[in-house]
Amino acid sequence: MAKLLNVVVSRLSGKAGVPVTHPDANLLAAFAEHTLLPRERVAISAHLAGCVECREYLALASAAEEPKMSVVAGTARTLLRRRFAEWRWMVTAGVACCILAVALQVYIEPPARLHGYQVASSPPKAAESLTGDARNAEPLKEPAKVIPGRQFKFEHREAKPAERAQRAEKTEIAPQLMVPAPPVGTSPAPAVDTVFALRSMEAPKTDAASGFVEPERHSPLPPGMAPTTSGFVAGAPPNAAMEQIRPTSKRVSLKALARLSPGVLWSINASPDTSGNPRGVVQRSRDAGQTWETVPLSEHVSFRAVAAIGPEVWAGGAGGTLFHSSDGGSHWTEVTVTGGSVKPTGAVVRIDLRAPGELTVTTSAGEDWSTFDAGSHWLRR
Amino acid sequence: MRLRATIAGTEEHETGGGEPTYAPYFRDLYAKSGARQFGLTIEDFAAILDEVGDRYLPVDASPAEVGELHGSLYLEDLVLARACAGGSELAWERFLNQYRQKLYDAACATAKEESAARELADGLYADLFGVRQTGGGERISKLSSYTGRGSLEGWLRTVLAQEYVNRYRKARRLVSFEEKSDAGEQFAAKPAESHDVDARLEQAVDQALAEVPPDERLLLASWYLDCRTLADIACLLHVHESTVSRRIDKITKWLRKRILQGLRDRGLDARAAEEALEADVRDVIVDVQGRLVQGKGT
C-alpha cells in the first residue's frame, strides 16, 4: 500500500475542523446498512472522515454484527473461498477418482484399436435396417449380434422427406450425411431412406498412375482413415480435419466427417429384384450423394457391406461372398474367404478395412476373418 | 396538524377539522407496516412519519423527496419500536422474542467479556424500556428516538456501541493514580513536538484534501488513522477488499501529485517541492502515532 505523507495524515486527522454535531445512531446505522439517501450519504461520509468518534461507533457496531453472506458481494465470495479451502481435499479426491475411472475405462475398453483406422463397412444394421424398427437404429453403434439364419424382411417403402429428416435427428446423423434418395432416372433402385453412406475422400498422397492411396504405415492413423467403429469410410481426409477425429474417440463425430472434403460415397442399397425379393446392391455416388449409380456386380448376391479406402473397395454379402476392386469399382474380382477347408458361415455383414489389403470381415454368424495380403490368405479369429 | 406524509400522494388534502384524506400509497405503507396490530391508527402512523420527515427533510421538501424518504424507511421496525415506546404489551413481547438474544450477542461481541456484556445489555434494556419519566409520569423510552432509517437491529448495535464507549470513558475518568502508575503511564513517551511545517505545504495539503470526495477521505481516515483492516473497510463501504486497496493506492498517489502541484503553484520549484515532501516522510511514524493517541485518548 502506498505511504501517505505525514502532513496529509496530520491534516486528515481532524485538525482542520472538528465536527460539532454528530449524526445520531439512526443515521450511522443507516450509513452502515447503505440505506441513506445519496445526499445524506455524502454528508455523513464527510463527517465520518473527520470524526474519529463516529468512526469508532461504526466500527464497534459492525464488529458486533453477525456475519452475513449478503453483507457485500466480496464478503460472500470470501466465505465461499473459505468453504472451498475447507473442502479442497474433497475436490482433489474427486478429481483423482475421475482420473482413475477414465484410466480404468481406457484399460478395460481400449479406444479404437491401435491399428484402429477401422473403416469402411456398412454395419450389419445397415442391412438390418431394412426391416421395421431396425431401420431407425443408430448406425454408429457397434453391430448387434446377428442370429445365423435369420431372415430379414425387406420393406419397399419410400420414406417421405420429412420423415427422413426426423429420423436423421433421431440417429444423430448430420443431415448432410443422410444420403438423399437418388433422383428418378439416376438409379434403377427405389430409394430407401436408411442408406448408409460410405465416404471416400481425396487421398493426400496418390500415385499419379494408379491413383492408389499410399498410407503411412508407421503412423497410428494413416492418412485417409478415420478411426470409426461403425464403418464410415474416410479415404484420406486432410490433416486439419483429422485433428478432429481422435483415435481415442469411440465414436467419430459425423459432423466432423461432414466437414471433410466431399468425395466418392459408397453404400448398400436394398431394392427388390425381379421376383420381388429384397436384394442389397452396391451403389456409388461421385457427387457427394447427389446422384447414385448401381455398381454392376454379381446379380445373385445380396450385398450387406462395403468398405473403401481411396480406390480400394471391398464389398461382401450373402453366402460369405466377397468382392474386391482396386480401381475404384471399375473392375471387380471375387475373393474366396477360406482357411484351409473351413469357410465362413453366413453372410458378410461387416468389413473393417484398416489399410489397403488389410481387412477383417465379420459374418452374420459372428465369425471374424482377417487378411493382411489382400485376400490371398485368411485367418479366422 | 401538518401531515407531510400526505403531501406525496395524488389526491390528498387536509379537510379543515375533519378526517384527512390519505394518498393511496400512504395507505399501502400503513398496511405494510403492520401498525394496526399494535393498535396504531393511520393517524398515529402519519404522525410518526411526519416526525421522521421533520427530522430529515428540509421544510420545502418536494413530494418526491417525501416519497423517497418514506420508501427508504424500515416501517415494520419503526412501528414496532414506537409501539414498544407507547407501552404495547404485544409489541414488547415481539421485541423481546426478536431482539433479546441478538442484543446480548452484540453486547458480548462489543465488550468481549461476559459480565461486562451482560451489564451493558441490561443497561440498554433499561433505557429502551424507559426508567426515566416525564413530568406527567410517562416513561421516556429510548426506542422513541428510533426513526427507521436503518434496521432496528443495526440501530440497537449502534446505540450499544455508543453506550459502551460512554461507559468506557466514564470508567477511565475513575481510574486512580495508582492504577495509572501500575499501567506505566509515567513512562509513556512525551508527545512529539510539533514540527515547523512550511505553511505553503499545509495549504497545499488542505487544498488537495478538500478536493478529495468524502467517501475517499473516509477511506483514507479508516486506513491511515484508524488502522482498520481492508475487510473492515470493505464491509463498511460495501465494496470488495481489492477495491478498497486499489482506491487507497489511487487516491494516495493522486494526493501526492496534487500536493506537488499545489507547492509549485505557491512558488516552489519542482525540486524544492519534492524535498519538502521527502522531509515530511521522515517523521511520518512519530507524528501519526502522536495524533492518533491524541485523538483517541480524549
Side-chain angles (χ1 to χ4, degrees), chain A residues 1-16 18 22 24-68 71-75 77-78, chain B residues 56 68-69 72 105-106 109-110 145-147 149-151 154-155 157-162 164-165 197 201-202 205-206 209 214-215 217-218 220-226 228 232 234-236 238-241 243 245 248-249 252-253 255-256 259 277 280-281 283-284 287-288 291-292 295-296:
Chain A
M1 198 72 70
K3 194 100 177 162
L4 192 62
L5 293 168
N6 178 24
V7 67
V8 179
V9 176
S10 168
R11 308 300 289 183
L12 188 65
S13 65
K15 187 178 177 183
V18 177
H22 299 278
D24 62 10
N26 288 287
L27 290 177
L28 288 179
F31 179 86
E33 292 171 352
H34 268 242
T35 52
L36 284 178
L37 303 176
R39 60 175 182 280
E40 290 175 322
R41 184 164 184 83
V42 171
I44 300 294
S45 291
H47 173 87
L48 286 172
C51 180
V52 67
E53 211 169 315
C54 289
R55 290 202 303 271
E56 193 83 59
Y57 294 149
L58 267 186
L60 278 170
S62 59
E65 189 179 6
E66 291 172 4
K68 287 180 184 173
V71 174
V72 284
T75 308
R77 279 198 291 271
T78 307
Chain B
Y56 296 112
E68 189 183 22
L69 175 68
S72 71
D105 291 344
T110 305
S145 63
Y146 173 67
T147 57
R149 298 306 308 275
S151 67
W155 178 80
R157 280 199 309 271
T158 310
V159 171
L160 201 67
Q162 289 175 331
Y164 176 72
V165 172
V197 182
L201 180 58
E202 283 188 345
V205 169
D206 286 345
L209 279 177
D215 258 359
R217 277 213 306 279
L218 174 59
L220 290 176
S222 300
W223 178 252
Y224 287 107
L225 299 179
D226 304 341
R228 304 265 177 246
D232 289 343
C235 194
L236 180 68
H238 283 236
V239 292
H240 195 264
E241 291 172 32
T243 307
S245 170
I248 290 174
D249 266 340
T252 305
K253 287 171 185 168
L255 267 174
R256 185 182 174 84
I259 292 167
L277 294 189
D280 172 88
V281 170
D283 301 318
V284 165
D287 194 34
V288 171
R291 288 195 169 277
L292 283 174
K296 288 184 179 178

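If you're wondering where the values come from, they're calculated on a predicted model, not measured in any experiment. The chains referred to below are lettered A, B, ... by the order of the sequence lines, with proteins before strands, and numbering in each begins at 1.
Ranked by non-hydrogen atom pairs under 4.5 Å with chain A, the options B/Ala106, B/Ser151, B/Ser72, B/Ser145 are led by B/Ser151. Ranked by heavy-atom pairs under 4.5 Å with chain B, the first of A/Ala43, A/Cys54, A/Ser45, A/Ala59 is A/Ser45.
In this structure, CZ on B/Arg217 lies 11.0 Å from CG on A/Leu48, to the nearest 0.5 angstrom. Separation of atoms CZ (B/Arg149) and CD (A/Glu40) is listed at 4.0 Å; rounding is to 0.5 Å. Here the straight-line distance linking atom CZ of B/Arg157 with atom CG of A/Leu28 works out to 12.5 Å at 0.5 Å rounding. Here the CD-NE2 distance, from B/Gln162 to A/His22, works out to 10.0 Å after rounding to the nearest 0.5 Å. Between B/Thr147 atom OG1 and A/Leu27 atom CG the span is 6.5 Å, to the nearest 0.5 Å. Separation of atoms CG (A/Asn26) and OH (B/Tyr56) is listed at 4.0 Å; rounding is to 0.5 Å.
Of the two parts of B/Thr243, neither the backbone nor the side chain holds a non-hydrogen atom closer than 4.5 Å to a non-hydrogen atom of chain A. Neither the backbone nor the side chain of B/Asp232 comes within contact range of chain A; no heavy atom of the residue lies under 4.5 Å from a heavy atom of that chain. B/Tyr164 touches chain A through its side chain: at least one heavy atom from C-beta onward sits under 4.5 Å away, while N, CA, C and O do not. Neither the backbone nor the side chain of A/Ile44 comes within contact range of chain B, judged by heavy atoms closer than 4.5 Å. Heavy atoms of B/Leu236 lying under 4.5 Å from chain A belong to its backbone as well as its side chain.
Between the side chain of B/Asp226 and the main chain of A/Glu56, no donor-acceptor pair closer than 3.5 Å is present.
Remark: A/Ala32 pairs with A/Leu58 by the side-chain contact (heavy atoms from CB on, under 4.5 Å) rule, at least two apart or across chains. Residues passing the side-chain contact (heavy atoms from CB on, under 4.5 Å) test with A/Thr35 are A/Ala30, A/Glu33, B/Tyr74, sequence neighbours excluded.
Between B/Pro214 and A/Ala49, the closest heavy-atom pair is O-CB, 4.2 Å. Shortest non-hydrogen contact noted between B/Ala161 and A/Ala61 is CB-N, 3.9 Å.
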